[in-house]
Amino acid sequence: MSIAAAAVGRQAWRKLARNNSTAAIRRTISLLPKSQQFRPTSFVPAFTANASKAAPRFSQSQQYRSYSSGGSSGDGTKVKFWPFVLVLAAGTGGWVLLINRQKNMPPNPKQTASSSAKPTPAFSPSEVTVLFVLGGPGAGKGTQCANLVNDFSFHHLSAGDLLRAEQDRPGSQYGQLIQDCIKNGAIVPMEVTVALLENAMADAIAKSGSKKARFLIDGFPRKMDQAFQFEKVVCPAKLVLFFDCPEQVMEGRLLERGKTSGRADDNAESIRKRFRTFVETSMPVVEYYDKEGKVIKVDATPGPKEVYEDVKRKLVGKLGENF
Ligand SMILES: Nc1ncnc2c1ncn2[C@@H]1O[C@H](COP(=O)(O)OP(=O)(O)OP(=O)(O)O)[C@@H](O)[C@H]1O
Ligand SMILES: O=c1ccn([C@@H]2O[C@H](COP(=O)(O)O)[C@@H](O)[C@H]2O)c(=O)[nH]1
């Protein structure tokens, strides 16, 4: 059942609960998708446990033709429950399906049939090196990743860019959800982002023709559940590059970038929300990896060249020249 059908079913259920009248029930039935519609020519409504014995609640009920083809009382007073039951079942079933579907986002936006059968994690850390790149919005993550790509032949995958591409992909079932999250600085459910990253990594590896690869995963993980999920099903991370920058500096950069970026979240209100999400949800990720001894912290306040010198020095210091 589609989300739309489920929503219509839920609406039908609510209407029934609100208004127990023949007209309301008829209108409600007409809201259901055609496959779920039944078209009674008559209806004797009565929500009573003792319906067959109860006096009809609408005196005109006797002029209605009985909808049921079997089990009719013949006396015109017996109440027909099953149309109610059908509508309630369709509505409730749809509602439950909708809620379950929202809880368990289908894991793979590309919907590749093979993904469920993949070994976990999908990539071995002996072949694939993953560096997470974190820092507040506007700290300069993307800028520094571009430098690292030039010097160390990393593949650069920005989680935000992948989400924006998925948002704009015609027919994406996640487009609206992603758009809303980005505007509000909220985190998109991890299944979507992890699947996009895994797909992008697989594509990059397939194109390169070598199983060995190194990735900068930029702007991810922003939440602990993402971190656990990615390391479990995609690839354990080697290190986290963390760009530390004061909010005031980041705000200035983002507002400046917003003059030309066209990004829906480079405005004062979204920036405020993004900062809050970063402090409350993403900093705990940095702290977690710091306790694991995996964080390389870089002061992102100076100009881009100076920041990059520091990045290079610290990265090579930790991993060696030929990591
Ligand atoms: N060290 C720096 N000094 C001054 N400006 C910088 C510096 N690093 C990046 N910028 C500029 O700040 C803006 C944000 O940089 P960038 O896009 O690299 O940040 P980001 O951390 O990837 O942002 P977001 O998380 O929003 O994607 C850009 O306009 C960039 O040119
Ligand atoms: O793992 C992620 C990464 C990003 N998002 C959403 O995208 C925007 C923009 O991210 P940038 O890294 O600044 O391009 C971010 O504010 C989140 O809304 C996400 O949900 N999950």
Side-chain angles (χ1 to χ4, degrees), residues 105 109 130 132-149 156-168 174-198 200 215-231 234 237 240-283 285-286 298-312:
M105 301 285 293
V130 165
F132 290 147
V133 182
L134 292 175
K141 302 180 292 294
T143 304
Q144 297 306 328
C145 283
N147 291 330
L148 289 166
V149 167
H156 173 210
L157 296 177
S158 153
D161 284 350
L162 290 171
L163 286 167
R164 281 182 284 273
E166 177 64 18
Q167 171 198 297
D168 296 340
Y174 305 109
Q176 190 60 52
L177 171 76
I178 294 171
Q179 190 179 327
D180 293 343
C181 285
I182 288 181
K183 189 153 182 268
N184 292 305
I187 310 289
V188 173
M190 65 163 178
E191 290 85 350
V192 175
T193 315
V194 170
L196 289 170
L197 285 167
E198 183 181 340
F215 289 93
L216 295 167
I217 308 289
D218 173 4
F220 179 95
R222 279 171 139 93
K223 197 174 171 183
M224 278 315 303
D225 66 349
Q226 291 180 326
F228 291 140
Q229 180 75 356
F230 183 94
E231 297 216 47
V234 183
V240 176
L241 257 180
F242 169 51
F243 291 97
D244 192 24
C245 198
E247 276 189 7
Q248 213 184 345
V249 175
M250 295 192 287
E251 185 186 25
R253 289 178 187 174
L254 291 176
L255 289 174
E256 188 59 32
R257 188 178 71 181
K259 290 176 185 168
T260 54
S261 68
R263 277 181 56 158
D265 57 351
D266 277 352
N267 58 75
E269 195 188 338
S270 294
I271 290 168
R272 192 171 36 79
K273 292 177 179 171
R274 292 160 73 193
F275 284 166
R276 189 178 175 149
T277 302
F278 177 70
V279 171
E280 291 177 356
T281 312
S282 306
M283 268 316 285
V285 179
V286 177
V298 174
D299 178 8
T301 321
K305 278 191 181 157
E306 201 178 320
V307 173
Y308 186 55
E309 287 311 310
D310 200 17
V311 171
K312 242 184 357 187

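Here the structure is a predicted model, which means the values were calculated and not measured. Along the sequence shown, the residues carry numbers beginning at 1. Counting starts at 1 for both ligands and their atoms, in listed order.
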Need the ligand 2 atom indices (1-based, order shown) with element for anything under 4.0 Å from a heavy-atom of [X].
X	answer
Arg164	9 (C), 14 (O)
Gly160	10 (O), 14 (O)
Arg274	13 (O)

Which option wins on minimum heavy-atom distance to [atom]: [options]?
atom	options	result
atom 12 (O) of ligand 2	Gln179, Arg222, Lys141	Arg222
atom 17 (C) of ligand 2	Gly185, Pro137, Ala186, Cys181	Ala186
atom 12 (O) of ligand 1	Glu306, Arg263, Arg253	Arg253
atom 19 (C) of ligand 2	Leu163, Leu162, Leu254	Leu163

Would you mind listing every side-chain hydrogen bond (donor to acceptor under 3.5 Å, both in side chains) that reaches into residues 240-252, with sequence neighbours excluded?
none
Atom 1 (O) of ligand 2 [closest protein heavy-atom partner, distance rounded to 0.1 Å]:
Gln226 NE2, 3.1 Å
Give the residue and atom name of whichever protein heavy atom lies nearest to atom 28 (C) of ligand 1, and the separation in Å to one decimal.
Arg257 CD, 4.0 Å
Looking only at distances, please establish whether an N/O atom of ligand 1 is found under 3.5 Å from an N/O atom of [X].
X	result
Gly140	yes
Arg274	yes
Asp218	no

Distance under 4.0 Å to a non-hydrogen atom of Thr143: what atoms of ligand 1 satisfy this?
8 (N), 9 (C), 15 (O), 16 (P), 18 (O), 30 (C)
Look at the aromatic rings of Phe278 and Phe242 and report parallel, tilted or perpendicular, splitting at 30° and 60°.
parallel
I'd like a table of donor-acceptor pairs (distance under 3.5 Å, sequence neighbours excluded) in which one partner is a side-chain atom from residues 178-190, with atom names and distances.
unit_1, atom_1, unit_2, atom_2, d
Asp180, OD1, Gln176, NE2, 3.1
Asn184, OD1, Lys273, NZ, 3.0
Asn184, ND2, Asp180, O, 3.0

Using heavy atoms and a 4.0 Å limit, tell me yes or no: is Gly138 in contact with ligand 1?
yes
Can you confirm, on distance only, whether ligand 2 has an N/O atom lying under 3.5 Å from any N/O atom belonging to Val188?
yes
